[in-house]
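So the structure is just underneath, and the comments pick up after that.
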Amino acid sequence: ISGSTRKLVLKALKQVEEREFPSLLLRIDSPGGTVGDSQEIHAAILRLREKGCQVVASFGNISASGGVYVGVAADKIVSNPGTITGSIGVILRGNNLSKLLERIGIRFETVKSGTFKDILSPDRALTSEERQLLQSLIDNSYDQFVTAVSEGRGLSKEEVCKFADGRVFTGRQAKELGLVDELGDEEHARKLAAKLAGL
């Protein structure tokens, strides 16, 4: 889920809201994206539900990480048995190229306004203080993700943490865990959305 995807999805959700549609089939086929973009779409879906729209998420080939974050905002989730889903977690990665740069004779000269301004700089390893700061950031984002899944799926945070370690599942496995309500294709999800809205 990228910034451009977020804009398109939010615009479409706004149109659904303005036209007061009774239901929405939300087809999700995404390996994920940034936390902020996923949270904005998640919040927009919750607002739509508050106005009485029944939302059914339909997981396609892959609905992982940010795709799950968005999906758990729906009233119901339908997944193909073989959909790749899960990957509940947060990652931040940098490269330490200091030995390579040293070998080829490249050195960075850094002037910065604060201790952490060049955190994850590729020309040096993280300090223990920086590692602690980044781990705190990741842990906080992860807790927000777990909370969204917990609230959206009616599971305790403890239950979610048992499988929210970054691993992926099939749709069938996700149903056993309570991450998905029903197994079926997009047409199955469409019929469920119509039924929920009394159509």
Side-chain angles (χ1 to χ4, degrees), residues 1-35 37-90 145-155 159-160 162-199:
I1 297 168
S2 64
S4 58
T5 301
R6 175 186 54 80
K7 285 178 189 171
L8 288 171
V9 172
L10 291 177
K11 183 179 178 184
L13 292 174
K14 191 71 178 162
Q15 289 174 344
V16 170
E17 183 182 337
E18 287 169 356
R19 294 180 186 183
E20 298 179 351
F21 288 134
S23 68
L24 169 67
L25 173 62
L26 184 67
R27 181 69 168 179
I28 302 174
D29 214 327
S30 170
T34 63
V35 175
D37 285 340
S38 301
Q39 286 178 327
E40 286 200 27
I41 296 170
H42 181 273
I45 293 167
L46 291 180
R47 283 192 300 274
L48 198 56
R49 285 180 57 194
E50 284 171 13
K51 297 205 171 172
C53 184
Q54 302 292 315
V55 181
V56 174
S58 169
F59 287 178
N61 290 314
I62 183 167
S63 179
S65 195
V68 170
Y69 209 127
V70 168
V72 298
D75 292 283
K76 297 285 183 187
I77 299 175
V78 176
S79 174
N80 291 296
T83 294
I84 300 301
T85 188
S87 188
I88 298 168
V90 186
F145 198 164
V146 167
T147 299
V149 173
S150 168
E151 292 173 356
R153 302 304 305 151
L155 301 168
E159 287 175 290
V160 175
K162 287 178 185 172
F163 60 80
D165 55 8
R167 75 180 95 168
V168 292
F169 321 103
T170 65
R172 182 176 291 150
Q173 290 170 320
K175 185 176 185 296
E176 291 168 9
L177 294 168
L179 196 56
V180 163
D181 294 294
E182 297 183 22
L183 296 178
D185 60 6
E186 188 174 4
E187 184 59 25
H188 178 92
R190 185 177 288 111
K191 287 177 180 174
L192 178 58
K195 182 181 173 185
L196 289 177
L199 301 173

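Just so you know, these numbers use all the heavy atoms, side chains as well, and skip hydrogens, waters and symmetry mates. Note that the structure is predicted; figures quoted are calculated from it, not measured.
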Exercise. Sub-3.5 Å donor-acceptor pair from the side chain of Q173 to the main-chain atoms of T170, do we have one?
Worked result: yes
Exercise. Are the side chain of T85 and the backbone N or O of G171 linked by a donor-acceptor pair below 3.5 Å?
Worked result: no
Seminar exercise, completed: In terms of heavy-atom contacts, A197 and P22 come closest through CB-O, 3.8 Å
Seminar exercise, completed: Note: Y69 and Q39 closest approach over all heavy atoms is OH-NE2, 2.9 Å
Exercise. When rounded to the nearest 0.5 angstrom, what distance separates CD in E186 from CG in D29?
Worked result: 9.5 Å
For this session: Run through D75, V78, I77, L24 and flag the one making a side chain to side chain contact (heavy atoms under 4.5 Å, CB included) with V56.
Result: V78
Exercise. Going through the checks in order, is the side chain to side chain contact (heavy atoms under 4.5 Å, CB included) test met by L192 and D181?
Worked result: CA-CA 11 Å; L192 178 58; D181 294 294; 5.9 Å; no
Seminar exercise, completed: Nearest heavy-atom contact between V16 and C53 is CG1-SG, 4.2 Å
For this session: Scan H188, K175, K76 and name whichever one has a side chain to side chain donor-acceptor pair (under 3.5 Å) with E182.
Result: H188
Exercise. Roughly how far, to the nearest 0.5 Å, is the OG atom of S58 from the CD1 atom of I28?
Worked result: 8.5 Å
Problem set entry | N/O donor-acceptor pair under 3.5 Å between R49 side chain and V55 backbone | no
Exercise. Is there a salt bridge (Lys or Arg N to Asp or Glu O under 4.0 Å) between R47 and E50 once you walk through the steps?
Worked result: CA-CA 5 Å; R47 283 192 300 274; E50 284 171 13; over 6 Å; no
Problem set entry | Backbone of I84 reached by a side-chain donor or acceptor of N61 within 3.5 Å | no
Seminar exercise, completed: Looking only at heavy atoms, the pair that brings S87 and V168 closest together is CB-CG1, 3.8 Å
Exercise. Step by step, would you call F145 with V35 a side chain to side chain contact (heavy atoms under 4.5 Å, CB included)?
Worked result: CA-CA 8 Å; F145 198 164; V35 175; over 6 Å; no
For this session: Starting at NZ of K7, measure out to CG of D37 and round the result to the nearest 0.5 Å.
Result: 9.5 Å
Problem set entry | E20, CD: over 12 other non-hydrogen atoms inside 6.0 angstrom | no
Problem set entry | Side-chain donor/acceptor of R153 to backbone N/O of G178, under 3.5 Å | yes
Problem set entry | Any donor-acceptor N/O pair, S150 side chain to L155 backbone, under 3.5 Å | yes
Exercise. Between CD1 of I62 and OG of S30, what distance do you get to the nearest 0.5 Å?
Worked result: 8.0 Å
Exercise. CD/Q54 to CG/L48 distance, rounded to the nearest 0.5 angstrom?
Worked result: 10.0 Å
Problem set entry | Under 3.5 Å donor-acceptor, D165 side chain and R167 backbone | yes
For this session: Determine the minimum heavy-atom distance between G71 and F59, stating which atoms define it.
Result: CA-CE2, 4.1 Å
Problem set entry | Heavy-atom side-chain contact between I45 and V70 under 4.5 Å | yes
Exercise. S23 versus L196: any side-chain heavy-atom pair under 4.5 Å?
Worked result: no
For this session: Please report the closest heavy-atom contact between S65 and P31, naming both atoms and the distance.
Result: CB-O, 3.8 Å
Exercise. Hey, is the main chain of G60 close enough, under 3.5 Å, to the side chain of T83 for a donor-acceptor pair?
Worked result: yes
Exercise. Is any side-chain heavy atom of F169 less than 4.5 Å from a side-chain heavy atom of V180?
Worked result: no
Exercise. More than 12 foreign heavy atoms under 6.0 Å from CZ of R172: is that the case here?
Worked result: no
